[in-house]
Number of protein chains: 2
Amino acid sequence: MKELKQRSTCPISTSLDVLGDKWTLLILRDMVFAGKCTYGQFLQSAEKMATNILADRLVILESQGILTKAVAADKKSKFTYRLTEKGVDTVPIIIELILWGAKHCPTVIDPGLLEELQNGKDVAVEKYQRLAREKSLA
Amino acid sequence: MKELKQRSTCPISTSLDVLGDKWTLLILRDMVFAGKCTYGQFLQSAEKMATNILADRLVILESQGILTKAVAADKKSKFTYRLTEKGVDTVPIIIELILWGAKHCPTVIDPGLLEELQNGKDVAVEKYQRLAREKSLA
DNA sequence: CTTTACACTTGCAAATTGCAAGTAAATATA
DNA sequence: TATATTTACTTGCAATTTGCAAGTGTAAAG
């Protein structure tokens, strides 16, 4: 259990106390948009997260109630991470980050996804939240 | 000019390369929601940012084209920071952080603002973007 | 001509990150 | 049954970043 230092009572500041670093939201991205749910899968992303950082962030995310950890159905030596509702509620943040990055920075994004997000943000948010919930029930 | 290390071409990852830390978005928050525009004003926030961190982040934000720096109208020893359109476009991200923090963490928020954001997110985003633009023209 | 306001800069200890290697338990293979 | 592999971490350590306190430089005010 890692305790979190809250700098102020401001909701923005407090959100950043939890999510404000270069790695945490990438784990959530991988869960929501790539359907990943194990330690090994998280390590395979293009950004090459260090193993100790990943382990540390998973502990924080779990202690913050953003995801849960459970032994995998197929193997006892494997764990499955699932999003809680608090985790599912980060989808709008992630989607805004996608839109800002795609608009203002040199990035590569699937044109279909971009169009989907631009044409109806609310619909897209609900879709990816639903998918994330379904995945977390499996 | 601080060069930015881009970890991948993913728009989320790239957005986090720029905005993903505990301080940068607080500066933008202060500009959008508190109308702040000087070094001294940024230092007065509840989170007590260190002076060297603030100076460093302002250089990064400027070199990333998120804000501009200019000598103040009243004093030559004073600078005014203004948001560019790239900066104004972070408003949706900030608003999602407000909503997530207010919903899931122990925070204090003006009930009027929260209601405004919940009742019509798009309208609120446009309102605060317009206010930020007006401030940046002054 | 001294003081104040403002915007930084510097120095340094502490914390965090990034990299490589090692550990440990459960499974798969010979 | 013995050995190898998969999976999930842990450890050690150098390098970077942060946080705190103090100092610097310039313009305006008294």
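Only heavy atoms go into these numbers, but all of them, side chains included; no hydrogens, no water, no symmetry mates. What you are looking at is a predicted structure, and each value in this text was computed from that prediction instead of being measured. Proteins come first, then strands; the chains are lettered A, B, ... in the order of their sequence lines, and each starts at number 1.
Computed from coordinates, the B/M49 CE to D/dT18 P distance equals 12 Å when rounded to whole Å. In this structure, the CG atom of B/L43 is 10 Å from the C1' atom of C/dC8, given to the nearest Å. Taking atom CD on B/Q44 and atom C1' on C/dA7, their separation rounds to 13 Å, with Å as the unit. Atom-to-atom, CG of B/N52 to P of D/dT24 comes out at 17 Å; the value is rounded to the nearest Å. The interatomic distance linking A/D21 (CG) with D/dT18 (P) rounds to 11 Å, in whole Å. Atom P of nucleotide C/dT10 and atom CD1 of B/I53 are separated by 15 Å, given to the nearest angstrom. As rounded to whole Å, 12 Å separates atom P of D/dT26 from atom CZ of B/F79. Following rounding to the nearest Å, A/D56 (CG) and C/dT16 (C1') show an atom-to-atom distance of 9 Å.
Residue-environment remark: CD (B/E115) stays at or below the threshold of 12 foreign heavy atoms within 6.0 Å.
Taking the nucleotide of DNA chain C with the nearest heavy atom to each of A/T51 and A/D74, the more 5' of the two is matched to A/T51. When the nearest nucleotides of DNA chain C are assigned to A/K76 and A/W23 by heavy-atom distance, the more 5′-ward of the two goes with A/W23.
For the atom pair CG (A/L58) and CD1 (A/I27), the distance works out to 4.5 Å, reported to the nearest 0.5 Å.
Heavy atoms of B/K69 sit under 4.0 angstrom from primed sugar atoms or phosphate atoms, though from no base atom. Nucleic acid contact class of A/K5 (heavy atoms, under 4.0 Å, all strands): none.
Salt bridge A/D17/A/K5: absent, no basic N to carboxylate O contact under 4.0 Å. A salt bridge links A/K121 with A/E96; the closest basic N to acidic carboxylate O contact falls under 4.0 Å.
There is no side-chain donor-acceptor pair under 3.5 Å between A/Q41 and A/Y81.
With D/dG19, D/dA27, D/dA8 as the choices, the nucleotide that has an atom nearest any side-chain atom of B/S77 turns out to be D/dA27. Taking the side chain of A/K75 as heavy atoms from C-beta on, and the options C/dC6, D/dC20, C/dT27, the nearest nucleotide is C/dT27. Looking at the side chain of B/A55, the nearest of the listed nucleotides C/dC19, D/dA8, C/dT9 is C/dT9. Of the candidate nucleotides D/dG19, C/dA7, D/dA27, C/dA7 has the atom nearest to the side chain of B/Y39.
One finds no side-chain N or O of B/R57 lying less than 4.0 angstrom from the OP1 or OP2 phosphate oxygen of D/dT17. The phosphate of D/dA8 (OP1 or OP2) has no side-chain N or O of A/Y81 nearer than 4.0 angstrom.
For A/T38 against D/dT7, a side-chain-to-base donor-acceptor contact under 3.5 Å is absent.
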